[in-house]
Structures are given as C-alpha cells and as structure tokens.
S.K.: 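Have a look at the structure that comes next, please.
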Amino acid sequence: MKKVLLLKFGELFLKGKNKKEFEKQLIGNIKIKLIEYDFDLTVTPGRILISGYRESLEENIISDLTNVFGLISVSKAVELDTSVENIENYIAKIDIVGTFRVNVKRADKTFPIHSTDFEAKLGGIVLDNCPESSVDLHNPKTHIYIDIRLNKKTYIYYESVKCRGGLPLGTAGSALLMLSGGIDSPVAGYMMAKRGLELEAVHFHSYPYTSEQAKQKVITLGKELCKYVDKLTLHIVSFTKIQEQIHFNCDEEYMITIMRRIMMRISERICEKNNLGAIITGESLGQVASQTMQSINVTNSVVSLPVFRPLIGFDKEEIVAISRDIGTYDTSILPYEDCCTVFLPKYPVIRPTIKKAEYQEKFLNVDLLVNEAINNMEDIVLTR
Ligand code: ATP
Ligand code: MG
C-alpha cells in the first residue's frame with residue numbers, strides 16, 4: 001500500500017494526437033511547477049500520480065498543483081493492487097463516524113463485480129465495522145471513493161482539492177498580454193493562459209510623468225501572474241516621447257485613440273519579433289470611452305493579428321472577483337498612475353472613426369516613433 005497524490009485532468013473530449021500532446025505538455029508543466037521538490041511522477045491511463053515526496057511538503061505541493069492549468073483535481077489517495085480482497089480488507093479497517101457513501105468507479109471492466117453491487121457490498125462492510133456510521137446517499141459527511149484503474153491499481157480517497165481546470169499552458173501557442181497597472185489586464189492574461197496560451201507581456205510607461213513605482217507595480221503584477229505561467233518576459237516600452245508628440249500635434253479629443261493605435265502597432269511588432277500569435281487586452285465593452293465598439297474598431301484596425309479580449313462581456317464586479325481569486329487585486333489597486341492618465345483629455349471621443357484617426361496621425365511620424373520605441377525597449381524575465 002502506497003500513499004499517492006491522484007491527479008485528474010480535463011477536456012477529455014480531446015482525441016488522438018491532440019490528447020497525446022495535451023498529456024505531454026501537462027506532465028512537463030507539472031514538473032516545472034514542482035521543480036523545487038523531490039518526487040516521483042507516474043502516468044497511467046487517465047490519471048497522473050505523484051509520490052515519494054517529503055510528507056511535510058504535501059500541502060505545498062497540492063497548493064502548487066492547483067495552479068497547473070489542465071488539472072481538475074488532486075486527491076490524497078492510497079494505492080492498492082487491484083483485487084476484491086485487497087479493497088475489502090482495506091475498507092474493513094477504516095473508521096467512519098457519521099453518514100457516508102461509497103462511490104466505485106470501474107475503469108477496469110475486467111474487475112469481477114459491477115460498480116453498484118460493489119458499492120453496496122463495501123457499504124455493508126463499513127456498517128458492520130463502524131457502529132456509529134450510517135449511509136446517506138445524498139448528503140454524506142464522508143465520501144469514500146474507490147477508483148479501479150486500468151493499470152491494475154485501485155485508488156481510495158475521501159476528498160479532492162479542486163484545481164483551476166483549463167488547458168495545459170503552451171498547448172494553444174504564445175501571445176502578448178498588454179499589461180497596465182490596472183485590475184483588468186492581469187485578469188485577461190490569466191484567463192487566456194488558462195486556455196493554454198503561454199504569455200509574454202508589454203507595458204508602456206511615461207517616465208518621468210509616471211513614477212518609478214508605477215513601473216515597479218507592473219513588475220509585481222507580472223510576478224504574481226508567474227504563479228500560473230511560471231515565467232513571463234516583460235517588455236517595457238517608454239511611451240513618453242510618443243505621448244508628448246501626440247499631445248502637441250493631435251486633436252485632444254483623439255489623443256487616447258491615437259495612443260491606443262500606436263500601442264497596438266508596437267505590440268504587434270513585439271509579437272512578430274518573438275513569434276507570438278495574438279495580442280491580449282483587458283478591455284470590457286463600454287467600460288470607458290476608449291472601449292466603445294467604435295473605439296475598439298479604430299484601434300483594432302491597425303493590426304492584423306487576432307486581438308483577444310476575454311473580459312469583453314464582463315462587468316467590473318465580475319472582473320474584481322477573479323482578480324481577488326487569482327491574487328492580483330491588492331497590487332492592482334495600489335495608487336500608482338498609468339500612462340493613460342497623463343495629458344488626459346477632458347472629453348475623449350466616444351465614437352471615433354478610422355478616417356479621422358488616420359488624419360490625426362498625419363501630424364506624426366508614426367513609423368519612426370514605433371521603431372524608436374522598439375529599439376529602446378527593456379526586456380526583463382520574471383519568475384515565481
Ligand atoms: P486595466 O485595468 O487593465 O488597466 P482599464 O480598465 O484601465 O484596464 P484602459 O486603461 O482603457 O482600461 O486599458 C485597456 C487595456 O489596454 C488594458 O486592459 C490593457 O490591456 C491595455 N493597456 C492600457 N494601458 C496600458 C499600458 N500602460 N501598458 C500596457 N497595456 C496597457
Ligand atoms: Mg488602466
């Protein structure tokens with residue numbers, strides 16, 4: 001009998017080649033997440049097992065595993081060689097007080113007793129041995145799970161810790177997150193990473209109009225995201241000159257629109273340089289003037305890569321709830337300014353047009369500004 005952590009993974013509709021790739025990536029990601037521990041990892045059909053670690057580190061390991069995308073749950077289990085006798089002997093020794101139910105799952109169809117019959121039999125054994133126990137099929141205090149697997153092993157456990165689900169990081173490719181210091185963009189990055197996208201990030205700052213702390217805050221947010229993505233290259237772009245140029249040369253009303261269009265162009269260039277397949281933003285429809293349908297259209301029109309906006313249909317409250325859950329909220333609300341607040345126009349245009357934006361850009365040397373920004377970019381690699 002051996003103690004193991006039993007890991008279940010999701011998206012089981014994946015078939016054939018996809019499934020192989022999914023599993024391979026998932027196993028690699030688990031090893032990266034648990035890099036600081038000694039442990040053994042065994043892959044069996046439909047389950048991954050972790051064993052051989054220091055007992056005192058078990059809770060830390062479980063907690064780290066909950067942040068591996070693609071996993072559904074982790075259970076502390078015992079492993080037995082599958083046989084009716086072994087399972088019955090084990091169940092005969094457990095001590096149950098209060099209500100319980102037994103759940104048998106039989107992946108190994110050669111096991112000689114049907115699941116429901118075996119559940120009744122095992123339930124009877126518990127009742128015989130534990131006088132203070134009783135069966136409750138609907139709302140039991142203790143759930144006894146018996147997982148009879150194809151590898152001729154059976155896993156018995158009581159509880160499971162829920163993981164975050166999603167798809168293994170890297171199975172969807174890589175994309176660039178536009179990371180501001182706000183609440184929304186870290187959440188957007190988390191949500192796309194959860195669907196299997198590896199992330200890099202870009203941040204635009206307007207030092208000295210924005211402070212050194214504002215930049216530091218974004219570095220902290222990036223590090224907080226590393227809890228999920230392990231590693232994040234952060235491209236830090238100075239936006240100061242671009243903002244000054246826009247401020248001095250363009251119509252005030254269009255200032256934010258033009259800023260956003262230039263941010264998008266720079267982001268796309270970073271994607272091309274680093275082989276990233278999409279841009280991710282934290283925009284939510286109608287939240288501010290720059291996030292109306294017309295504004296999104298005008299900023300989107302300067303890039304040809306897909307732009308993912310996972311928060312587009314979310315209310316602020318819903319975004320805040322995720323932000324708290326993933327642990328970025330407290331940093332996001334620290335009171336440091338973002339470059340978008342520098343030279344902020346009183347009345348930004350709510351329904352800009354592409355034609356008018358293009359006209360405003362005639363007063364700038366956009367290509368030169370984009371090139372300069374790219375050439376002076378600072379890259380830092382963040383880890384957990
Ligand atoms: P957030 O909470 O993410 O800052 P927001 O509600 O403040 O979003 P905006 O300021 O309109 O909204 O920004 C919309 C999106 O544009 C952000 O979610 C982010 O993806 C991107 N963005 C804004 N400012 C920056 C910046 N300084 N650097 C990088 N990306 C930015
Ligand atoms: Mg913001």
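Just so you know, ligand 1 is whichever comes first in the structure, and atom 1 is the first atom listed for that ligand. Nothing here was measured: the structure is a model prediction, and the numbers come from that model. FYI, the numbering just counts along the sequence from 1.
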S.K.: Find all atoms of ligand 1 within a distance of less than 4.0 Å from any non-hydrogen atom belonging to Val288, and give their numbers and elements.
M.R.: 11 (O)

S.K.: Using a 3.5 Å cut-off on N or O atoms only, is Thr281 in polar contact with ligand 1?
M.R.: no

S.K.: Please find out if less than 6.0 Å separates the ring center of Phe111 from that of Phe118.
M.R.: yes

S.K.: Suppose we call two aromatic rings close when their centres sit under 6.0 Å apart. Are Tyr207 and Phe239 close by that rule?
M.R.: no

S.K.: Nearest non-hydrogen atom to atom 9 (P) of ligand 1 belongs to which of Met178, Lys215, Arg260?
M.R.: Arg260

S.K.: Is the positively charged end of Arg324 above the ring of Tyr329, judged by distance under 6.0 angstrom from the centroid and angle within 45° of the axis?
M.R.: yes

S.K.: Within the 4.0 Å heavy-atom shell around Gly182, which atoms of ligand 1 are there?
M.R.: 1 (P), 2 (O), 4 (O)

S.K.: Test your reading of the structure: does Phe204 have an N or O sitting under 3.5 Å from an N or O of ligand 1?
M.R.: yes

S.K.: Return a yes/no value for Gly282: is any of its N or O atoms, backbone included, closer than 3.5 angstrom to an N or O of ligand 1?
M.R.: yes

S.K.: If I apply the N/O under 3.5 Å rule, does Ile183 come out as touching ligand 1?
M.R.: yes

S.K.: Can you list the ligand 1 atoms lying under 4.0 Å from a non-hydrogen atom of Ser290?
M.R.: 11 (O)

S.K.: Using the ring centroid of each side chain, check whether Tyr37 and Tyr53 are separated by less than 6.0 Å.
M.R.: no

S.K.: To the nearest 0.5 Å, how far apart are CG in Asp147 and CD in Glu79?
M.R.: 11.0 Å

S.K.: Quick one: does His205 get a heavy atom under 4.0 Å from ligand 1?
M.R.: no

S.K.: With rounding to the nearest 0.5 angstrom, report the CG to CG distance, Leu179 to Asp184.
M.R.: 11.0 Å

S.K.: Show me which atoms of ligand 1 lie under 4.0 Å from any heavy atom of Val202.
M.R.: 29 (C)

S.K.: Measure centre to centre between the rings of Tyr145 and Tyr158, then say whether the value is under 6.0 Å.
M.R.: no

